[in-house]
Amino acid sequence: LLKLDSLKKIWEPVAQTLEPDKKLPVGKRPRVVVIGTGFGGLNVVHGLAEQEVEVIVIDRNNYHGFWPLLYQVATAELVPDAIAFPAREVIHKYKNLKFYMDEVTGIDLEKKQVQVTEGEPVSYDYLILAAGSANNYFGNKDLPKHTYSLKDIDQAVELRQGLLSAFERAVLEPDEKQRAKLLTFVIVGAGPTGVELAGAMAELIRPIIHKDYPTLNENQVRIVLVEAHSSALDQFPPKLQQHAQKRLQKMGVEIRQNSKVAKVENGLITFDGGATMEAATVVWAAGVRASELAENLGIKLAHSGRVPVQPTLNLKEHPEVFVVGDMAYLEGYKGHEAYPMVAQVAIQQGRQAAQNVLAQVRQQPLQPFHYFDKGTMATLGRNDAVVDAFGVQLNGLIGWFIWLVVHIYFLLGIRNRVLVMLAWAYNYLTYRQGVRLIGRQHPEPRAEAVNQ
Ligand SMILES: Cc1cc2nc3c(=O)[nH]c(=O)nc-3n(C[C@H](O)[C@H](O)[C@H](O)COP(=O)(O)OP(=O)(O)OC[C@H]3O[C@@H](n4cnc5c(N)ncnc54)[C@H](O)[C@@H]3O)c2cc1C
């Protein structure tokens with residue numbers, strides 16, 4: 001009996017190496033904790049499903065958010081749940097996965113523990129950080145109080161309420177100057193999010209002002225896109241930048257280039273150099289940084305507060321900790337730059353991190369991250385989008401069609417795809433955005449100084 005037992009002890013690890021997919025008994029499986037069910041986290045989860053690890057996935061929300069269409073929730077085009085997919089719908093399919101809806105507040109790298117708000121601390125053998133990004137206010141503590149932002153569904157709904165409320169308030173406002181302020185909408189940051197939001201705002205506002213608010217003067221409505229650099233969409237080739245600018249201007253969007261915002265307070269925007277402008281609605285889309293969880297790790301962070309990782313996506317000092325997506329800082333994109341904070345990077349890093357965790361469990365060599373660049377795109381309202389992919393630059397109807405197909409393809413869930421396609425068809429045919437309700441509990445507009 002003794003001999004058999006010692007033979008088993010020798011054989012088990014050998015068998016594990018020879019047959020990597022062979023499952024360990026449940027109690028002996030290493031535990032992997034994944035923080036975030038975004039693009040990165042969800043792909044980690046798919047890679048670890050039904051493997052010889054116990055996986056605990058933690059997210060403060062109970063859904064996966066499809067952020068590329070978030071601006072359409074803010075502009076009343078889509079209902080929020082069309083771009084949110086329940087996390088448990090993915091998790092419940094696999095026995096080795098568990099989901100906790102909780103906010104992670106800290107990470108103890110030495111004790112290998114994750115602290116959360118509601119539950120007990122969660123221990124791990126391997127940790128995958130995929131908590132995404134937050135707005136970058138460049139140290140200005142007042143900006144979040146006086147501007148809207150667009151990083152999750154709650155914020156998108158808050159912005160939608162703010163936009164629609166501005167019109168209702170303008171109808172009741174007797175003072176011409178205050179009404180003009182209510183009807184001025186400023187977006188700071190002309191990257192893809194700012195550009196798509198500006199185009200969608202123009203499409204929301206222009207048609208409804210005629211039909212729903214006949215007492216308001218259309219000429220008082222201003223949508224202003226503010227950019228610190230010389231051009232909108234400066235990560236796109238110059239030809240597409242020019243196309244985007246012309247198209248937005250045609251839609252009635254004013255583009256204010258080379259204008260750096262220094263301060264926003266109660267609807268008064270102050271630019272570097274002292275110029276000012278009044279707007280009741282100011283949206284901050286001017287920068288992103290890694291989730292604040294990165295600051296918790298106690299290690300030296302890279303540009304935008306991102307966590308420097310090795311090509312194998314783990315930390316040098318703690319190889320059991322992997323970081324993917326917006327939180328990770330890894331150079332090598334186009335030769336030297338860091339990989340950008342975009343969905344495809346997060347998706348592909350998530351897959352690689354899952355493979356590397358399994359490789360560590362199986363005592364096999366880890367593989368470096370290789371990126372397959374599928375290009376970038378941004379829509380410019382109906383019938384137009386700019387696409388820069390595989391060396392080809394497109395715009396206009398064909399670009400827009402590609403944009404539509406790609407977004408439907410990457411959305412999770414049949415129900416969400418159907419909801420989005422129906423909403424797009426309705427908006428396209430009627431020129432009206434269907435989700436124009438203002439909740440009773442809506443927060444006061446951010447620039448609550450219209451009457452001060
Ligand atoms: C408005 C907007 C538009 C965008 N448009 C595009 C686009 O068109 N194309 C493109 O490629 N990219 C786009 N992006 C960027 C893209 O969405 C991100 O690069 C991608 O989501 C990064 O994936 P991630 O897994 O790192 O983070 P995310 O997908 O953001 O997921 C992070 C997850 O972590 C959770 N989380 C965060 N902090 C905690 C915590 N403390 N505790 C528990 N859970 C936490 C969040 O709830 C979230 O579910 C856009 C982003 C935004 C905000």
Side-chain angles (χ1 to χ4, degrees), residues 33-45 56-75 83-87 99-107 114-119 122 128-136 148-156 159 187 189 191-197 200 233 235 283-285 287-288 290-296 304 306-307 313 322-329 339-351 353 373-379 385-387 389 403 406-407 410-412:
V33 171
V34 182
I35 304 175
T37 58
F39 285 100
L42 218 55
N43 279 280
V44 171
V45 166
I56 296 182
V57 187
I58 309 175
D59 199 296
R60 60 184 170 203
N61 298 317
N62 73 338
Y63 60 84
H64 160 81
F66 190 79
W67 309 140
L69 292 180
L70 193 60
Y71 76 95
Q72 296 201 357
V73 173
T75 49
I83 64 153
F85 189 81
F99 176 74
Y100 298 158
M101 181 175 137
D102 213 333
E103 171 107 27
V104 175
T105 50
I107 293 153
V114 168
Q115 282 106 34
V116 285
T117 318
E118 300 287 331
V122 186
I128 303 194
L129 270 164
S133 58
N135 260 351
N136 196 345
Y148 290 93
S149 62
L150 196 58
K151 291 300 286 177
D152 63 24
I153 284 183
D154 294 318
Q155 292 179 351
L159 175 55
I187 301 153
T193 299
V195 163
E196 291 190 331
L197 184 62
L233 291 182
Q235 59 275 70
V283 185
W284 188 258
V288 279
S291 151
E292 52 277 19
L293 273 184
E295 285 156 26
N296 246 290
S304 304
R306 295 169 87 188
V307 184
L313 302 174
F322 291 78
V323 188
V324 301
D326 286 359
M327 282 192 83
Y329 181 88
Y339 284 97
M341 292 157 112
V342 294
Q344 270 305 321
V345 169
I347 290 169
Q348 295 178 35
Q349 287 189 341
R351 287 180 196 146
D373 194 345
K374 297 181 180 168
T376 41
M377 54 183 77
T379 179
V386 283
V387 177
W403 181 92
V406 166
H407 282 73
F410 280 104
L411 252 181
L412 272 193

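Start at 1 and go down the list; that is how both ligands and their atoms are numbered.
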| Is atom 14 (N) of ligand 1 less than 4.0 angstrom from at least one protein heavy atom? |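 So atom 14 (N) of ligand 1 lacks protein heavy-atom neighbours under 4.0 Å.
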| said: Could you tell me, atom by atom, which parts of ligand 1 come under 4.0 Å of a heavy atom of L293? | reply: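 Checking each atom against L293, I get 41 (N).
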| Under 4.0 Å from any heavy atom of E103, which atoms of ligand 1 are there? | 41 (N), 42 (N)
| query | Going by heavy atoms, is A130 under 4.0 Å from ligand 1? | reply |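 Yes, A130 has heavy atoms under 4.0 Å from ligand 1.
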| At a non-hydrogen distance cut-off of under 4.0 Å, which region of V342 contacts ligand 1 (side chain, backbone, both, or neither)? |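 Looking at V342 and ligand 1, atoms from backbone and side chain both fall under 4.0 Å.
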| query | Any idea which part of D102 is under 4.0 Å from ligand 1, heavy-atom wise: side chain, backbone, both or neither? | reply | backbone
| What's the spacing between Q344 CD and F410 CZ if we round to 0.5 Å? |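 Reported value, rounded in 0.5 Å steps: 4.5 Å.
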| message | How long is the straight-line distance from CG of N296 back to CD of Q115, given to the nearest 0.5 Å? | response |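 Separation between the atoms: 7.5 Å.
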The one among [options] that brings a heavy atom closest to [atom]:
atom                    : options               : result
atom 25 (O) of ligand 1 : A328, P68, G40        : G40
atom 39 (C) of ligand 1 : R60, M101, E196, H64  : R60
atom 26 (O) of ligand 1 : V406, N61, I107, D326 : D326
atom 31 (O) of ligand 1 : G38, G194, G375       : G38

Closest approach of any protein heavy atom to [atom], naming residue and atom:
atom                    : answer
atom 30 (O) of ligand 1 : W67 NE1, 3.0 Å
atom 40 (C) of ligand 1 : V104 N, 3.7 Å
atom 53 (C) of ligand 1 : L150 O, 3.6 Å
atom 23 (O) of ligand 1 : A346 CB, 3.3 Å
atom 21 (O) of ligand 1 : F39 CD1, 3.1 Å
atom 37 (C) of ligand 1 : A131 O, 3.1 Å
atom 27 (O) of ligand 1 : G132 CA, 3.2 Å
atom 12 (N) of ligand 1 : A343 N, 3.4 Å

Counting only nitrogen or oxygen atoms and a 3.5 angstrom limit, does [X] reach ligand 1?
X    : value
L70  : no
M341 : yes
D59  : yes
G325 : no
K151 : no

If every non-hydrogen atom of [X] is compared with every non-hydrogen atom of [Y], which pair is closest and at what distance?
X    : Y    : answer
A353 : L313 : N-CD1, 4.0 Å
M341 : A290 : CE-N, 4.0 Å
Q155 : S149 : OE1-OG, 2.9 Å

So [Y] and [X], do their side chains get closer than 4.5 Å, heavy atoms only?
X    : Y    : answer
D326 : V288 : no
Q349 : M327 : no
N61  : I153 : no
L42  : F85  : no
F66  : L412 : no
F99  : P86  : no
T37  : V45  : no
P192 : Q235 : yes

| task | Quick one: do Y71 and T379 satisfy side chain to side chain contact (heavy atoms under 4.5 Å, CB included)? Show the steps, please. | result | CA-CA 11 Å; Y71 76 95; T379 179; 2.9 Å; yes
